[in-house]
Amino acid sequence: MNIHEYQAKELLAKYGVGIPAGIPALTVEEAVAAAKQLPGPLYVVKAQIHAGGRGKGKFKELGPDAKGGVRLAKSVEEVEACAREMLGNTLVTIQTGDAGKQVNRLYVTDGVDIAREYYLSMLVDRASGRVAIIASTEGGMDIEEVAHSTPEKITTITIDPAEGFQPHHGRAVAFGLKLSGDLNKQAQKVTKQLYEAFMALDCAMLEINPLVETKDGQLLVLDTKMSFDSNALYRHPDVMELRDETEEDPAEIEASKHDLAYIKLDGNIGCMVNGAGLAMATMDIIKLNGAFPANFLDVGGGASKEKVTEAFKIILSDPAVKGILVNIFGGIMKCDIIAEGIVAAAKEVNLSVPLVVRLEGTNVQQGKDILAGSGLPIVAANDLGDAAQKIVAEVQKAA
Ligand code: ADP
Ligand code: MG
């Protein structure tokens, strides 16, 4: 789960992390009131969407010459003008995709006199089984680009969970940021605070870009993105309250209500699979056959008729879907039960696109018989390769 910048900053402030003063606003009036509470005379008005690259983003409605989603304002009147232009309009950034995201919230913050911008992030690194800290002197810009063209400017350290955060970790980060004197001490301190927050809140990722050095020698978190391990959210009801469903894909929200792992993708072949590994393999083999999956969908081990029906509905709610591939291994659930579920669900949702089904496992023959006897135009497949070829052929035929 992701949260907004202002929410993440409010959480980090509780761990002692330095942030510029700021107040969220849902309306132009609130933005003006927020600016009046801040010391001024420099303000920054920031679009709150769950995507980065806002500064360089463009508003769909405002044309190419208008300013982006992070704007400097030199008076309360300018804050008002910015808020009026930004609220309700659609911001397109490198991270939103072409559709962009509607801006429904702003964050009005103190303008900071920046001397330098740094990069600092933490994430759960599966390869090492540890939390990795990534630091770079090249803040404010696209870190992927820095990693690609100047990897020597990036310092990565990992922390053994049994050892926890040690002073040498802080020193390594401060050294990587090439800081000396008091700033070096501040960097050690903020790294420790961020790590404490990361662990205590069960974060999956915490990115500070930029961490800035102000002209008067302070290190402040100017922008942050924070995401949480969904499996640990039950431990953090206060974090759960920060969820903003308007930022999420409606189909993904619906899927989570039915305990289905669904992620929308860009292709046109809907996939219904049990098990994440099989779902990944299914997407791979669709691509191998020259088409693209419309989604990742794992119905889980105990796929009941209800779950299969919901999964069909969710897949079909995507207008891009031109065919569905069901690839299910009947292990915990037997193939005949699954086949009954598929037939009932296909009838209930009035399936209008080609459906290819590959079943394997316990009672597979009974399952195939049920599909064949259903009277529905279900194409049976023998194995994964066969299934992928058949669905790609069906979709091309229909196009
Ligand atoms: P994004 O990464 O989504 O573009 P940021 O919050 O990182 O948004 O803002 C982009 C840039 O705008 C920053 O790198 C920084 O140079 C500038 N900026 C952001 N907030 C402030 C602020 N409070 N004061 C001064 N400059 C800011
Ligand atoms: Mg940023």
Side-chain angles (χ1 to χ4, degrees), residues 2-13 17-25 31 34-35 37-59 62 66-76 78-79 82-83 86 89-97 100-123 134-147 154 177 190 194 205-227 244 247:
N2 298 316
I3 58 173
H4 289 294
E5 173 200 357
Y6 78 92
Q7 296 168 325
K9 282 183 173 168
E10 284 169 7
L11 286 175
L12 291 180
V17 175
I19 58 165
I23 301 165
Q37 283 182 59
L38 293 169
L42 223 54
Y43 311 88
V44 177
V45 184
K46 309 181 79 173
Q48 298 296 289
I49 55 170
H50 287 185
R54 297 162 300 169
K56 293 199 177 109
K58 291 283 167 206
F59 281 96
L62 302 181
K67 290 192 189 122
V70 176
R71 298 182 178 193
L72 197 67
K74 296 197 177 102
S75 64
V76 175
E78 279 189 36
V79 169
C82 287
M86 292 161 83
N89 280 336
T90 312
L91 185 60
V92 181
T93 81
I94 41 162
Q95 292 185 10
T96 60
K101 285 204 157 169
Q102 191 179 47
V103 176
N104 301 315
R105 296 180 198 215
L106 299 173
Y107 189 42
V108 185
T109 78
D110 257 349
V112 173
D113 229 349
I114 302 172
R116 278 215 63 156
E117 302 196 348
Y118 303 92
Y119 177 93
L120 185 57
S121 70
M122 301 183 180
L123 51 88
I134 297 153
S136 174
T137 49
E138 308 307 297
M141 43 182 124
D142 191 0
I143 196 69
E144 286 84 1
E145 178 53 34
V146 178
I154 293 184
L177 296 177
V190 76
L194 291 171
M205 196 269 308
L206 172 57
E207 183 181 61
I208 314 295
N209 190 22
L211 174 75
V212 297
E213 173 189 332
T214 63
K215 293 231 168 94
D216 59 1
Q218 303 291 314
L219 273 191
L220 293 179
V221 165
L222 214 65
D223 181 22
T224 176
K225 276 173 94 179
M226 197 181 223
S227 72
D244 179 359
E247 288 288 327

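Values reported hereafter were calculated over all heavy atoms of this structure, with side chains retained and with hydrogens, waters and symmetry mates removed. In each ligand, atom 1 is the first atom listed, and ligand 1 is the first ligand listed.
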Taking heavy atoms and a distance under 4.0 Å, where does Leu72 meet ligand 1: side chain, backbone, both or neither? neither

Option of least heavy-atom distance to atom 2 (O) of ligand 1 (set: Leu91, Ile208, Asp223): Asp223

Where is the nearest protein heavy atom to atom 4 (O) of ligand 1: which residue, which atom, and how far? Gly55 N, 2.7 Å

Would you check whether Gly53 has a nitrogen or oxygen atom less than 3.5 angstrom from a nitrogen or oxygen atom of ligand 1? yes

Which heavy atom of the protein is the closest neighbour of atom 27 (C) of ligand 1, given with residue, atom name and distance? Leu222 CD2, 3.4 Å

Check: of Lys46, Gln95, Glu117, min heavy-atom distance to atom 16 (O) of ligand 1 comes from Glu117

Closest non-hydrogen protein atom to atom 1 (P) of ligand 1, residue and atom name please, with distance? Arg54 N, 3.5 Å

Can you find an N/O atom of Lys56 closer than 3.5 Å to an N/O atom of ligand 1? no

Is it true that the side chains of Gln48 and Tyr6 contain a donor and an acceptor less than 3.5 Å apart? no

Between Glu207 and Tyr119, do the side chains contain a donor N or O and an acceptor N or O under 3.5 Å apart? yes

Looking at atom 24 (N) of ligand 1, what's its closest protein heavy atom, distance included? Val112 N, 2.9 Å

Atom pair CE (Met226) and CD1 (Ile208), whose distance is rounded to the nearest 0.5 Å: 7.5 Å

For ligand 1, which part of Asn209 has a heavy atom less than 4.0 Å away: the side chain, the backbone, both, or neither? backbone

What is the distance from atom OG1 of Thr224 to atom CD1 of Ile19, rounded to the nearest 0.5 Å? 10.0 Å

Ignoring angles and geometry beyond distance, decide whether Glu5 reaches within less than 3.5 Å of ligand 1 through its nitrogen or oxygen atoms. no

Checking contacts now, so for atom 19 (C) of ligand 1, which I'm interested in, is there any protein heavy atom under 4.0 Å? yes

If we only count heavy atoms from C-beta on, is the Glu117 to Val212 side-chain gap below 4.5 Å? yes

Under a 3.5 Å threshold, yes or no: a donor from one side chain and an acceptor from the other, between His4 and Asp244? yes

I need the contact type for Val70 against ligand 1. Using non-hydrogen atoms and a strict under-4.0 Å cut-off, is it side chain, backbone, both or neither? side chain

Looking at ligand 1, would Gly52 count as a contact under a 4.0 Å heavy-atom criterion? yes

Could you check which N/O/S atom of Asp223 is closest to the Mg ion (ligand 2)? OD2

State whether the shortest distance between N or O atoms of Ala51 and N or O atoms of ligand 1 falls below 3.5 angstrom. no

With the threshold set at 4.0 Å, does a side-chain nitrogen-carboxylate oxygen contact exist between Arg54 and Asp223? yes

Working note: Tyr43 + Glu78, criterion side-chain hydrogen bond (donor to acceptor under 3.5 Å, both in side chains); need CA distance, chi angles, decisive distance, verdict. CA-CA 9 Å; Tyr43 311 88; Glu78 279 189 36; over 6 Å; no

Any donor-acceptor N or O pair under 3.5 Å, side chains Gln95, Lys225: yes

Closest to atom 26 (N) of ligand 1 among protein heavy atoms sits Ile114 CD1, 3.5 Å

